[in-house]
Amino acid sequence: MRKVNLAVVGATGMVGRTFLKVLEERNLPIENFYVMASSRSAGNKLTFMGREYTVEELNEHSFDKPIDIALFSAGGTTSAKFAPVAAEHGCVVVDNSAQWRQDPKVPLIVPEVNPEDISWNSGIIANPNCSTIQAMVVLKPLDDKYKIKRVVYSTYQAVSGAGIAGWKDLENGLKGEAPKKFPHPIANNCLPHIDVFLENDYTKEEMKMIWETRKILHHPDMRVTATTVRVPVFSSHSESINIEFENPFDIKDVKELLAGAPGIVLQDDPAHDVYPLAVDAAGKDDVFVGRIRRDESVENGINLWVVADNIRKGAATNAVQIAELLIKSMN
Ligand code: A2P
């Protein structure tokens with residue numbers, strides 16, 4: 001297999017560091033490796049595959065050298081400015097920010113769901129929002145078989161989704177310190193507020209789930225709504241998902257279908273208190289599904305509980321899987 005030159009932009013951040021871990025674990029065929037961040041951490045050292053790499057400051061010349069793939073997780077402003085620079089130099093960017101996700105020229109990919117969309121990229125591929133990714137892995141097989149009519153998301157999202165600053169707010173908040181990242185204390189609290197509020201009074205996180213679900217499942221008119229909540233959990237997002245289908249279903253078949261679907265682990269044994277838990281999902285790459293039951297208030301509805309590590313499958317692992325698809329397409 002051809003080896004690639006690969007850069008990680010935002011390598012010192014929460015997701016960036018996990019990029020390094022996941023790239024190493026999955027043993028990607030890398031020839032030359034670069035780590036980039038802001039001037040604040042330029043010169044720092046990061047270890048990858050037993051070797052030390054010096055963090056470079058990201059600038060206009062960062063992509064003058066031949067780089068095949070760049071994994072970006074350095075915020076929307078950085079992606080807006082530098083992803084096009086990388087793409088102009090022939091590098092394919094897998095971008096973890098929300099900057100390009102709604103751009104019609106940019107595919108938005110969950111490898112278990114819509115890997116074929118990689119073929120029409122023009123240098124930038126967007127990695128979806130963390131809470132959307134784990135939902136897509138579950139919704140795709142269900143939509144293929146029963147045709148989804150409507151979805152209601154309610155999320156319980158970990159502080160690590162807000163980066164190192166979010167993590168620190170919970171850590172310090174538990175010691176009684178005031179929050180710096182969140183607008184209210186997150187310790188012993190639930191904040192129905194992730195990302196900014198928009199004109200329709202939804203948060204941007206809620207609208208991201210709605211927009212991205214439609215784009216990834218190729219259903220531009222799907223009826224979707226969401227309430228996204230930050231909870232005092234360090235790792236893994238949990239989601240209650242209510243789905244209404246066009247077609248009738250048997251709950252046993254739904255469980256079998258999900259148990260056999262790619263990327264999913266079924267944990268559904270209420271008699272023995274078995275259901276997905278944030279603490280169990282942390283550090284893993286799978287999406288865990290359980291509490292599957294009929295929604296008795298509508299004709300063809302179900303409720304389920306979906307948990308995944310938001311920094312791994314919700315960000316780094318999904319991006320690395322996209323890189324793997326890219327490498328395969330280059331060979
Ligand atoms: P730095 O460590 O130099 O600030 P997190 O979301 O976990 O806080 O991580 C954000 C990541 O994005 C960090 O690696 C951070 O680097 C990087 N970053 C932030 N702003 C820039 C920028 N203007 N140019 C390059 N990297 C940036």
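Values below: every heavy atom of this structure, side chains too, minus hydrogens, waters and symmetry copies. Numbering of ligands and ligand atoms starts at 1, following listing order.
- Between F245 and F249, the ring-plane angle classifies as perpendicular under the 30° and 60° cut-offs.
- In summary, R312 and D285 engage in a salt bridge, as defined by a charged side-chain N under 4.0 Å from a carboxylate O.
- Under the 4.5 Å side-chain contact rule for hydrophobic residues, Y153 and V298 do not share a cluster.
- In this structure, F234 has its ring center under 6.0 Å from that of W167.
- For ligand 1, the 4.0 Å heavy-atom shell takes in G10, A11, T12, G13, M14, A37, S38, R40, S41, L58, S73, A74, T78, G163, I164, ordered by chain and residue number.
- Between the side chains of Q321 and E112, at least one donor-acceptor pair of N or O atoms lies under 3.5 Å.
- With hydrogens and angles disregarded, a donor-acceptor distance shorter than 3.5 Å links the side chain of R214 to the backbone of M222.
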